[in-house]
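Data block below; observations after.
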Amino acid sequence: MQAAWMLSAALVTGACGGGQPAPGAAGTAAPTGVTTTVTLDGSSTVFPISEAVAEEFQKATPGVRVTVGISGTGGGFQKFCRAETDISNASRPITKKEMDACAAAGISFIELPIAYDGLAVVANPKATWIDHITAAELKTIWAPESQGTVKQWSQVRAGWPARELHLFGAGVDSGTYDYFTQAINGKEGASRGDFTSSEDDNVLVQGIANDELALGFMPYAYYNENKANLKLVGVDDGKADNGAGPILPSVETVKGGTYQPLSRPVFIYVSAKALDRPEVKQFMDFYLAKGGALAEEVGYVPLGERGYQLVAAHLAARKTGSVFEQAGSQVGLTIEQLLSRESQ
Amino acid sequence: MAVSLGPNASSAGRRRADLVFQAVALVVLAVALGALAVLVATVWRDGAHRLTWQFLTSFPSRRAESAGIYHAIVGSLYVIVLTAVMALPVGVAAATYLEEYGGRSRLARFIELNIANLAAVPSIIYGLLGLGLFVRTMAMGRSVLAGAATLALLALPVVILSTREALRTVPSSIREGSYALGATKWQTIWYQVLPMAVPGILTGLILALSRAIGETAPLITIGALTYIPFAPDSVWSAFTVLPIQIFNWVSRPQAAFKDNAAAGILVLLALLLTMNAIAIVLRDRYQRKGRP
């Protein structure tokens with residue numbers, strides 16, 4: 001115990017000798033002026049991209065520390081709007097309420113789409129009867145009023161077996177669930193409640209891989225890592241102008257805007273005040289330069305060269321605010337449409 | 001059970017009941033230990049091959065094979081040492097007051113009731129308290145200090161309760177002997193009672209710290225980070241701990257990260273066992289000192 005006492009005494013005196021922290025300096029305590037820190041927090045969906053960028057950035061830029069937290073998109077914005085973080089990861093656009101909180105605290109921000117995420121619809125490999133599904137059929141299955149009534153495959157499409165339908169989906173607190181319900185049922189958070197839900201997508205992978213009668217949705221990256229145990233189901237949105245017939249999610253179809261309605265952009269939000277700090281500016285430039293390749297490496301779909309140029313221009317112009325101010329999540333928007341709105 | 005255990009039961013019946021109970025107890029023990037053995041064996045099978053020097057000395061990475069756990073080991077050690085430093089003096093002082101000075105006063109009973117309740121509060125509540133009090137009001141930020149203070153709160157009730165138990169086991173003949181030699185109350189407590197209670201206090205502390213080192217929820221709440229490419233270098237540093245790193249690896253899509261998580265669990269187990277071993281050695285030493 002004595003050793004522990006001495007060690008801790010050394011820690012405490014060491015810390016005091018090293019200079020008191022400046023509380024309020026972005027809420028994080030950097031003890032000395034030697035190293036500077038860039039802090040990110042927010043969505044677990046965007047985390048792998050930001051983590052990869054942070055890892056590479058630090059190899060290239062010694063002396064700057066980058067930390068990335070996972071608090072969920074909502075939790076991230078709460079910290080962001082209290083000036084506790086510099087950059088917020090978000091798998092959906094900022095909401096009106098969150099914007100008000102930021103405005104009240106005097107935080108203005110720049111909204112930057114940085115990649116696409118596709119939601120994969122998957123079934124068990126033994127489910128021979130299914131290779132594609134239409135958006136309308138998905139709605140038949142997942143609509144709130146289907147709860148307790150749509151219980152068999154045969155109720156969805158004639159020819160499918162009269163056997164039980166077992167549903168799996170993302171947890172109701174996730175941005176993935178918000179987006180899926182918005183895209184399929186037309187309203188964020190509106191869906192039946194009698195399905196197996198989990199915030200941990202690996203639980204969904206296990207569940208579907210072991211259940212012949214399962215159908216579910218999950219981020220494309222999780223399908224991609226478990227291809228052998230899952231069957232990817234093509235989705236047909238019923239519109240011919242963005243690719244006719246059922247379409248499987250892939251880098252090309254997500255980027256090209258034909259895998260609809262289940263692909264979405266993901267964002268980072270950078271505080272305008274933090275951007276005045278050279279290390280944050282440096283990190284953002286690095287993010288936009290290398291983010292695409294790194295996003296692809298960790299299982300996401302990059303925006304494409306033109307996309308990143310537009311985003312970089314947007315950052316350079318320091319255009320604050322959100323294009324989603326009025327509408328919330330938008331389904332079926334390609335990145336070019338989105339960015340042209342951003343630059344208006 | 002149908003066997004009557006009343007005072008009138010026949011001798012053979014009572015013996016049979018005794019045997020049945022013994023068998024049930026053995027089976028229960030075997031099930032518990034068996035489950036533990038299976039768990040450890042599974043984790044060992046998955047994680048042993050990742051337990052390399054590289055793993056122990058590297059920082060997190062998006063690539064499973066180059067990711068390491070050094071930052072989390074240092075973070076856990078920082079947090080647990082600081083937690084002990086905060087919880088031990090306060091806990092022992094509080095217990096001493098309640099046991100030796102408080103008596104049956106209204107205040108003492110009120111405090112006692114609250115401590116008993118605190119011991120049963122879910123850890124996430126401590127996390128929320130830590131976030132409001134340490135991180136924001138006291139402006140500690142997401143620092144090691146804030147994390148340790150939160151865990152110290154979590155550990156305090158256990159430390160206090162076990163210290164009180166330990167103080168109670170000191171025979172009153174020791175106190176009376178001390179008084180008879182003219183010692184004051186404080187001298188009696190400091191030179192006689194507390195040293196004799198050390199083994200019990202240490203046991204309580206180690207139980208409390210073993211719980212604290214495995215805690216994830218309160219630290220996530222106060223904002224312990226998930227990706228942190230450096231080891232903490234002062235109490236004001238940002239940090240992460242082993243359970244958070246393990247949790248993060250388990251939830252990733254790539255299978256290779258699950259092996260990392262298993263290896264992380266082995267590291268955490270080793271750390272726990274080391275802590276417990278140190279506590280047992282210390283306790284035995286003090287026990288020998290206490291009763292020559």
Side-chain angles (χ1 to χ4, degrees), chain A residues 1 4-5 7-9 11-12 14-16 18-21 23-32 35 37 39-41 44 47-52 54-56 58 65-71 79 82 84-85 199-203 205 218-219 221-226 294 297-299, chain B residues 59-63 66-67 77-78 80-86 88-89 131 135-136 138-146 148 198 201-202 205 220-221 223-230 232-240 244 247-248 250-258 278-279 282 286:
Chain A
M1 222 46 247
W5 276 104
L7 173 56
S8 64
L11 292 181
V12 173
C16 296
Q20 284 295 309
T28 52
T32 60
T35 54
T37 309
T39 53
L40 290 83
D41 207 325
S44 59
F47 172 81
I49 308 174
S50 287
E51 182 202 38
E55 189 182 349
E56 290 306 311
Q58 274 164 124
R65 291 171 162 184
V66 184
T67 64
V68 190
I70 298 181
S71 312
K79 290 178 181 169
R82 298 177 72 113
E84 292 177 356
T85 57
E199 299 291 339
D200 181 352
D201 294 302
N202 283 315
V203 173
V205 171
M218 61 181 61
Y222 282 83
Y223 161 75
N224 207 26
E225 293 292 335
N226 295 282
L294 291 169
E297 186 189 324
V298 294
Chain B
F59 292 107
S61 166
R62 67 185 182 282
R63 297 198 182 92
S66 52
L77 286 175
Y78 250 89
I80 220 64
V81 169
L82 272 178
T83 302
V85 165
M86 290 186 221
L88 187 66
L131 178 68
V135 176
R136 294 197 170 143
M138 293 169 75
M140 290 183 188
R142 308 160 162 199
S143 61
V144 176
L145 197 60
V198 162
I201 296 173
L202 280 180
L205 179 71
I220 287 187
T221 317
L225 291 151
T226 310
Y227 174 81
I228 172 160
F230 51 89
D233 49 12
S234 83
V235 297
W236 298 106
S237 210
F239 72 105
T240 193
I244 293 181
F247 174 68
N248 173 254
V250 167
S251 59
R252 292 198 182 220
Q254 294 86 355
F257 277 110
K258 292 186 184 70
I278 292 173
L282 281 174
Y286 275 99

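Computed from a predicted structure; not experimentally measured. Here is the naming used below: chain letters follow the sequence lines, and residue numbers restart at 1 for every chain.
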Inset, instruction - Measure distances from A:Val66 to the heavy atoms of chain B and classify the residue's part below 4.5 Å as side chain, backbone, both or neither. - result: backbone
Inset, instruction - Name the member of A:Pro219, A:Ala54, A:Gly299 that forms the most heavy-atom pairs with chain B at distances under 4.5 Å. - result: A:Ala54
Legend entry - Heavy-atom side-chain contact between B:Arg252 and A:Asp201 under 4.5 Å: no
Inset, instruction - Taking the side chain as every heavy atom from C-beta outward, state whether B:Arg142 and A:Asp41 have any atom pair closer than 4.5 Å. - result: yes
Inset, instruction - With rounding to the nearest 0.5 Å, note down the distance linking CD in A:Glu51 to CG in B:Asn248. - result: 7.0 Å
Legend entry - Interchain contact, A:Phe47 with chain B, by part (heavy-atom threshold 4.5 Å): side chain
Inset, instruction - Check whether more than 12 heavy atoms from other residues, nucleotides or ligands sit under 6.0 Å from atom CZ of B:Phe230, and answer yes or no. - result: yes
Legend entry - Pairing residues for A:Glu55 by the side-chain contact (heavy atoms from CB on, under 4.5 Å) criterion, not counting sequence neighbours: A:Lys59, B:Ser61, B:Arg62, B:Tyr227
Inset, instruction - Please list, chain by chain and in numerical order, all residues satisfying side-chain contact (heavy atoms from CB on, under 4.5 Å) with A:Ser44, sequence neighbours excluded. - result: A:Ile70
Inset, instruction - Rounded to the nearest 0.5 Å, what's the gap from CZ on B:Arg136 to CZ on A:Arg82? Could you check? - result: 3.5 Å
Legend entry - Between CZ on residue B:Phe239 and OG1 on residue A:Thr67, distance to nearest 0.5 Å: 12.0 Å
Legend entry - Exercise: identify the closest heavy-atom pair between B:Pro253 and A:Glu225: O-CB, 3.5 Å
Inset, instruction - Pick one of side chain, backbone, both or neither for A:Asn202, based on which atoms fall under 4.5 Å of a heavy atom in chain B. - result: side chain
Inset, instruction - Search all heavy atoms of B:Ser251 against all heavy atoms of A:Tyr222 and return the closest pair with its distance. - result: O-OH, 2.7 Å
